[in-house]
Protein chains: 2
Amino acid sequence: MSGSSSTPLPPTNVSLSPRERFEEYLQTRGLRQTNQRKFLLDKIFSEHEHFDADELIDRLPSKGSKNYVSNATVYRTLREFVDAGLLKSFQLEGRMVYEHDYGYPQHDHLYCTVCRELFEFQSEALTAIRDQVASEQGFRISGHRMIIHGVCRECSKNRRKKRRQDLV
Amino acid sequence: MSGSSSTPLPPTNVSLSPRERFEEYLQTRGLRQTNQRKFLLDKIFSEHEHFDADELIDRLPSKGSKNYVSNATVYRTLREFVDAGLLKSFQLEGRMVYEHDYGYPQHDHLYCTVCRELFEFQSEALTAIRDQVASEQGFRISGHRMIIHGVCRECSKNRRKKRRQDLV
DNA sequence: ATAGGTGCAAACTCTTTGCATTGCA
DNA sequence: TGCAATGCAAAGAGTTTGCACCTAT
């Protein structure tokens, strides 16, 4: 799965930090702030752009260490972050991929099937088409997911290089 | 998962029937035509637009009946149909969804999160945007997947009706 | 004190695979 | 006849869940 994207978009302005925003979310529903939640929130918002549960778990303190978080809690907490509007999730190659949502602009993705990295792009035209198609069909949109699959520039280069070497 | 789509697009012209095309595919690689494959191919191309493995299995003869096909074979055969270019597959809500590809025009989907039905649409503008984004980023495209999530016209109606009733 | 949260292990869903047997070419 | 295909059951991957214990409010 992809590591952090190489093309971060500029952040949108938000008045609250992710931490503050999450606290608000918790308080309004009588949920609790816990060390695990604090730790995961900080970790996620200080580090990665795109990640799946497995990648995140790999980078967390291991069992017995100070801030260990069980897998079950990781999965439960990720879902909570999505509910809270901090993260967005979508499926890619069979697993759930997460990315920052709060304070981050709407965008879509290019996915390199060689290095498995996700690249972002923004297109107002795409949104416009989406809205028009939906209105033609009487659809009330809740969102969309567009992923362009292919081979990124770097991987194309490397392949060409590799092919050249193979000929020698 | 969705049943057949309610908005079939016009078929594109192809010279071979799916069956003929598949036979060609098999012959060129030394693979074999079997009763299971024939049966599944006919079933799929005579019936559904979108389906997942589970739905297909449900509609197949049960164990002990004449044309019973094991689950393993269903999964293996579906992958083969995709390899042969007869079907296309994509992930939706955790499972693989299949649809006709051979003899069917390129299109994208609207997905109703209430009735779970898939609706199709075609947009040249979308393809154009895709190509431009990819070329800007030096991406060699192999394909794309666009799904608009929302609530379809019918389900919106029903909900409104339901809300009205709830008020009585 | 008392819900809500956590960790653990077991369960679950969807799909793939190893292997002995069957059956096309 | 030989290699591909099938069926079965077991294994996988990724994720969710039941439950006893823990802890924030």
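Reminder, nothing fancy here: chain letters follow the sequence lines and each chain counts from 1.
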Please list every donor-acceptor pair under 3.5 Å in which a side-chain atom of residues 80-91 of chain A meets a protein atom from a residue at least two apart or in another chain.
unit_1   : atom_1 : unit_2   : atom_2 : d
Glu80(A) : OE1    : Arg37(A) : NH2    : 3.1
Glu80(A) : OE2    : Arg37(A) : NH2    : 3.4
Gln91(A) : OE1    : Gly94(B) : N      : 3.1

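Here the closest heavy-atom approach between residue Arg32(A) and residue Leu26(A) is recorded as O-CD1, 3.7 Å. Of all non-hydrogen atoms in Pro61(B) and Ser65(B), the two that sit nearest each other are CB-CB, 3.8 Å.
Residue pairs that meet the ring pair (Phe, Tyr, Trp, His ring centres under 6.0 Å) test with at least one member in residues 130-158 of chain A, sequence neighbours left out, are Tyr111(A)-His149(A), Phe139(A)-Phe119(B). Screening residues 56-79 of chain B for ring pair (Phe, Tyr, Trp, His ring centres under 6.0 Å) gives no qualifying pairs among residues at least two apart or on separate chains.
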> How would nucleotides 19-25 of chain D be written as a contact map, 5' to 3', with B for base contact, S for sugar-phosphate-only contact and - for no contact, using protein heavy atoms under 4.0 Å?
Replying inline: ----BBS
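Listed in residue order, the members of residues 67-74 of chain B having a heavy atom less than 4.0 Å from DNA chain D are Tyr68(B), Val69(B), Ser70(B), Ala72(B), Thr73(B).
For the pair Asp58(A) CG and dA13(D) P, the computed distance is 14 Å after rounding to whole Å. Distance CZ (Arg79(B)) to P (dA5(D)): 12 Å, rounded to an integer number of Å. Rounded to an integer number of Å, the gap from CD of Glu93(A) to P of dT16(C) is 13 Å. In this entry the distance linking CD1 of Ile57(B) with C1' of dC8(D) reads 14 Å, nearest Å. One atom, CG of Leu78(B), and another, C1' of dT6(D), lie 15 Å apart when rounded to the nearest Å. As rounded to whole Å, 15 Å separates atom C1' of dA13(D) from atom CD of Glu55(A). One can place CG of Leu41(A) at 16 Å from C1' of dG5(C), the figure rounded to the nearest angstrom. In this structure, OH of Tyr98(A) is placed 9 Å from C1' of dT15(D), rounded to the nearest angstrom.
Checked against salt bridge (charged side-chain N to carboxylate O under 4.0 Å, His left out), Lys38(A) has no partners two or more places apart in sequence or in another chain. For Arg145(A), the salt bridge (charged side-chain N to carboxylate O under 4.0 Å, His left out) partners are Glu99(A), not counting sequence neighbours. With sequence neighbours excluded, the residues satisfying ring-ring contact (aromatic ring centres under 6.0 Å, His included) with His100(B) are Phe45(B). Taking Asp42(A) as the reference, Arg19(A) meet the salt bridge (charged side-chain N to carboxylate O under 4.0 Å, His left out) condition, with sequence neighbours excluded. The salt bridge (charged side-chain N to carboxylate O under 4.0 Å, His left out) search around Glu24(A) returns none, not counting sequence neighbours.
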Pairs under 3.5 angstrom, nitrogen or oxygen only, protein versus nucleotides 10-14 of chain C, please.
unit_1  : atom_1 : unit_2   : atom_2 : d
dC14(C) : OP1    : Arg95(B) : NH1    : 2.8

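Of the residues near DNA chain C, Glu80(A) and Lys63(A), the one whose nearest nucleotide (by heavy atom distance) lies more toward the 5' end is Glu80(A).
With a 4.5 Å cut-off on side-chain heavy atoms, Phe22(B) and Leu16(B) do not count as touching. With contacts defined as side-chain heavy-atom distances shorter than 4.5 Å, the pair Pro18(A)/Arg21(A) does not qualify. At least one side-chain heavy atom of Leu60(B) sits under 4.5 Å from a side-chain heavy atom of Leu40(B).
With Gln132(A) contributing its side chain and Ile129(A) its backbone, the two residues share no donor-acceptor pair below 3.5 Å.
For the pair Gln36(B) and dG7(D), the criterion of a side-chain N or O lying under 4.0 Å from OP1 or OP2 is met.
Where the helix from dA1(C)-dT25(D) to dA25(C)-dT1(D) starts and where it ends, the local axes point in directions that differ by 30°; five pairs per end, rounded to 10°.
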